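Here is the structure we will look at, set down as structure tokens.
The shown structure was predicted, so the numbers you read here are calculated from the model rather than taken from an experiment. Letters go in sequence order (proteins before strands), and every chain restarts at 1.
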Number of protein chains: 2
Amino acid sequence: MGLTKTEIFTEEQNQIAQWAKVLGHPARIAILQHLFKTDACICGDLVDVIGLAQPTISQHLKELKKVGIIQGTIEGTSVCYCINQKGWHQMQTALSGFMDLTQGPKDCC
Amino acid sequence: MGLTKTEIFTEEQNQIAQWAKVLGHPARIAILQHLFKTDACICGDLVDVIGLAQPTISQHLKELKKVGIIQGTIEGTSVCYCINQKGWHQMQTALSGFMDLTQGPKDCC
DNA sequence: TCCTTTAATCGTAATATTGCAATATATAAT
DNA sequence: ATTATATATTGCAATATTACGATTAAAGGA
């Protein structure tokens, strides 16, 4: 089918999955790493730094924005992107929390 | 196209993305949560607990196994699944490390 | 005003993912 | 041997994702 049955899962499960999903592409990882490295915000630079076409980068940025972990402000003819601190920390808390479920090395089958 | 240009990214970026991707579906989140909760290992229970068909669960388990965060051992007619501690911690370290890039609330545009 | 620059959007092709019915496989039990 | 149980695999339909060329929109500079 190709469509996820979100109705049968909890909101938490869907949220975690959605955040993880957006991190599930190397281009978006690269974009985020570059936003961190340059500290300040950038934009069309991403097209040069990463080797993808402008529409493709734009599309990835849109998805990152949709889940609230980056933000963009129009600045003249260009758009300045940067990490959305609040959204980022929400994601970080949720994902780290999920991965911390490990309580000691419980033995296994 | 539908196919990711993995060649243009670093191995680290591809690795992080691959781990995140596998967490990017609520069914897999639910499976992992259940494996943690029941501590010991389970299997066909997952089909009952989660509301998806047996082949679908089987497929999700396969993907989780492929990235090395769970493992399964045949036990009579059933298969016992559980978290692969080593693989899990590798993922945890990588993803947490990536999300920790945040060094103080650098101001933005 | 016209041109340039920058980024978003549209349209489309190729491929991937999700989900399940049907089937296959493998072990246990009778 | 036959049957029951549990899981994997196959095949397929519906939808999603990735990538990009072409185009549009919007602001700055000549």
Side-chain angles (χ1 to χ4, degrees), chain A residues 1-9 13-14 17-32 34-35 40-67 70-82 109, chain B residues 1-9 13-14 17-31 34-35 41-67 70-82 109:
Chain A
M1 302 193 163
L3 102 173
T4 299
K5 284 191 159 180
T6 50
E7 1 39 277
I8 68 173
F9 302 106
Q13 288 164 342
N14 284 313
Q18 196 176 33
W19 271 318
K21 191 175 186 178
V22 95
L23 296 184
H25 193 290
R28 293 193 285 268
I29 297 296
I31 288 173
L32 293 168
H34 195 259
L35 286 181
C41 324
I42 316 247
C43 157
D45 290 351
L46 291 165
V47 176
D48 301 329
V49 174
I50 304 166
L52 292 171
Q54 180 266 319
T56 308
I57 296 292
S58 199
Q59 203 174 327
H60 284 304
L61 287 168
K62 193 178 174 185
E63 282 176 72
L64 290 167
K65 205 160 53 174
K66 200 175 63 188
V67 299
I70 71 169
Q71 64 191 88
T73 354
I74 297 169
E75 213 153 80
T77 120
S78 60
V79 175
C80 173
Y81 280 101
C82 62
C109 30
Chain B
M1 303 195 163
L3 103 170
T4 298
K5 284 190 158 180
T6 49
E7 2 36 280
I8 67 173
F9 302 105
Q13 288 164 343
N14 283 315
Q18 195 176 35
W19 272 319
K21 191 174 185 178
V22 93
L23 297 184
H25 193 289
R28 294 192 284 267
I29 297 294
I31 287 173
H34 196 259
L35 286 182
C41 324
I42 318 250
C43 159
D45 290 350
L46 290 165
V47 177
D48 301 327
V49 174
I50 304 168
L52 291 171
Q54 180 266 319
T56 308
I57 296 291
S58 197
Q59 205 175 325
H60 284 303
L61 287 168
K62 195 177 174 185
E63 284 176 67
L64 291 167
K65 203 160 55 173
K66 200 176 62 189
V67 300
I70 70 168
Q71 64 191 86
T73 353
I74 297 170
E75 212 153 82
T77 120
S78 58
V79 176
C80 173
Y81 281 102
C82 62
C109 32

Inset, instruction - Determine whether B:Leu46 and B:Leu61 make a side-chain contact, defined as any pair of heavy atoms from C-beta on separated by less than 4.5 Å. - result: yes
Inset, instruction - Search all heavy atoms of A:Ala17 against all heavy atoms of B:Pro26 and return the closest pair with its distance. - result: CB-N, 3.4 Å
Inset, instruction - Kindly indicate whether the side chain of A:Ile50, heavy atoms from C-beta on, has any atom under 4.5 Å from the side chain of B:Phe9. - result: yes
Inset, instruction - Just call it for B:Ser78: base, sugar-phosphate, or nothing, with non-hydrogen atoms closer than 4.0 Å on any strand. - result: sugar-phosphate
Legend entry - Between D:dT18 (P) and B:Ile8 (CD1): distance, integer Å: 13 Å
Legend entry - Whole angstrom value for the distance that separates P of D:dA8 from NZ of B:Lys66: 15 Å
Legend entry - A:Leu32 vs A:Ile70 side-chain heavy atoms within contact, under 4.5 Å: yes
Inset, instruction - Mark up nucleotides 11-23 of chain C, 5' to 3', with B wherever a protein heavy atom is under 4.0 angstrom from a base atom, S wherever such an atom reaches only the sugar-phosphate, and - elsewhere. - result: --BBBSBBBBBB-
Inset, instruction - Quick one: closest heavy-atom pair of B:Glu63 and B:Val22, and the distance? - result: O-CG2, 3.7 Å
Inset, instruction - Please report the closest heavy-atom contact between B:Val47 and B:Ala53, naming both atoms and the distance. - result: CG1-C, 4.4 Å
Inset, instruction - Round to a whole Å and report the spacing from CD of A:Glu75 to C1' of C:dT5. - result: 15 Å
Legend entry - Whole-Å gap separating C1' (C:dT9) and CG (A:Leu61): 14 Å
Inset, instruction - Figure out the CG/P separation between A:Leu64 and D:dT17, and round it to whole Å. - result: 14 Å
Legend entry - Length of the line joining A:Ile50:CD1 and D:dC20:P, which is rounded to integer Å: 12 Å
Legend entry - Whole angstrom value for the distance that separates P of D:dT5 from CG of B:Asp45: 16 Å
Inset, instruction - Grab the CD1-C1' distance between B:Ile74 and C:dT27 for me, whole Å please. - result: 10 Å
Inset, instruction - Kindly say if B:Tyr81 contacts the phosphate of D:dA8, meaning a side-chain N or O under 4.0 Å from OP1 or OP2. - result: yes
